[in-house]
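Structure, as structure tokens:
Heads up: numbering here begins at 1 and tracks the sequence. Everything quoted here is computed from the prediction, not taken from an experiment.
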Amino acid sequence: AAAVERRLAQFRAARRSAAAVPRPAEPPGKAAAPQPAEAPRAAAVGPGGGAQVRPGAAASGWARPLLLLKVLLWAVLLALFVELQLGLPYFVLSLLYWMYAGTRGPGERRPGELSAYSVFNPGCAAIAGTLTAEQLERELHYAPAAGR
């Protein structure tokens, strides 16, 4: 019981220190209003680190006219390639390109943004929600016996 109380005190201290850390200013062009989903995540950051929330992540992608123009151009080209009976290869090659373009290298990460793979983070810090072996072991030991 003393160990649980000690860990709870550590968690509360880490949560208070995470709440006291000032947030960076919003970059120009982004909404200045705080997102409601950020507050619970900031409170859930533990001593091992946590996931970084990208500013404007909840903004709709369709609001950007450039993206809309790209989608329209892709649809027109798809119709053209369908007429030439090359619609399926165009669609498959488009998917492969989108997968390639959607992946970012470690150099393209924003400052303070953590990778989903903890081995690439400083100090091997895990993002929030990662199930660790220690956590699984703790949960197995404190779980009630099955069938009782």
Side-chain angles (χ1 to χ4, degrees), residues 7-144 146-147:
R7 296 224 10 150
L8 183 59
Q10 289 174 348
F11 171 75
R12 287 179 180 157
R15 185 171 61 179
R16 269 186 256 122
S17 67
V21 173
R23 292 189 169 257
E26 293 287 328
K30 297 291 183 182
Q35 298 174 358
E38 287 184 10
R41 287 186 185 164
V45 175
Q52 299 293 322
V53 179
R54 282 190 252 160
S60 172
W62 294 106
R64 295 183 283 175
L66 184 60
L67 179 64
L68 183 62
L69 288 174
K70 287 180 181 179
V71 170
L72 288 175
L73 176 65
W74 178 84
V76 168
L77 287 174
L78 177 65
L80 175 70
F81 278 100
V82 166
E83 281 295 316
L84 298 173
Q85 296 183 350
L86 295 171
L88 184 61
Y90 176 76
F91 184 77
V92 170
L93 289 175
S94 297
L95 289 179
L96 291 174
Y97 171 75
W98 287 333
M99 285 190 294
Y100 171 75
T103 57
R104 295 182 300 153
E108 297 173 357
R109 238 187 281 150
R110 293 178 185 91
E113 183 180 7
L114 296 177
S115 171
Y117 301 101
S118 60
V119 295
F120 297 119
N121 295 331
C124 292
I127 60 174
T130 302
L131 181 64
T132 62
E134 293 83 14
Q135 179 185 358
L136 181 63
E137 191 173 294
R138 273 194 319 269
E139 290 177 4
L140 288 175
H141 286 291
Y142 292 115

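- Between Q135 and the choices E137, E139, R138, the side chain to side chain donor-acceptor pair (under 3.5 Å) rule is met once, by E139.
- When all heavy atoms of I127 and L114 are compared, the pair lying nearest together is CG2-CB, 3.9 Å.
- The structure places CG of L93 at 9.5 Å from CG of L88, a figure rounded to the nearest 0.5 Å.
- A distance of 11.5 Å separates CG of L73 from CG of L68, quoted to the nearest 0.5 Å.
- L80 CG to L84 CG: the interatomic distance, rounded to the nearest 0.5 Å, is 5.0 Å.
- A distance of 11.0 Å separates CG in L86 from CG in L78, rounded to the nearest 0.5 Å.
- Across all non-hydrogen atoms, the minimal contact from S118 to A125 is CB-O, 3.6 Å.
- W74 and F91 have tilted rings, their planes meeting at an angle from 30° to 60° on a 0 to 90° scale.
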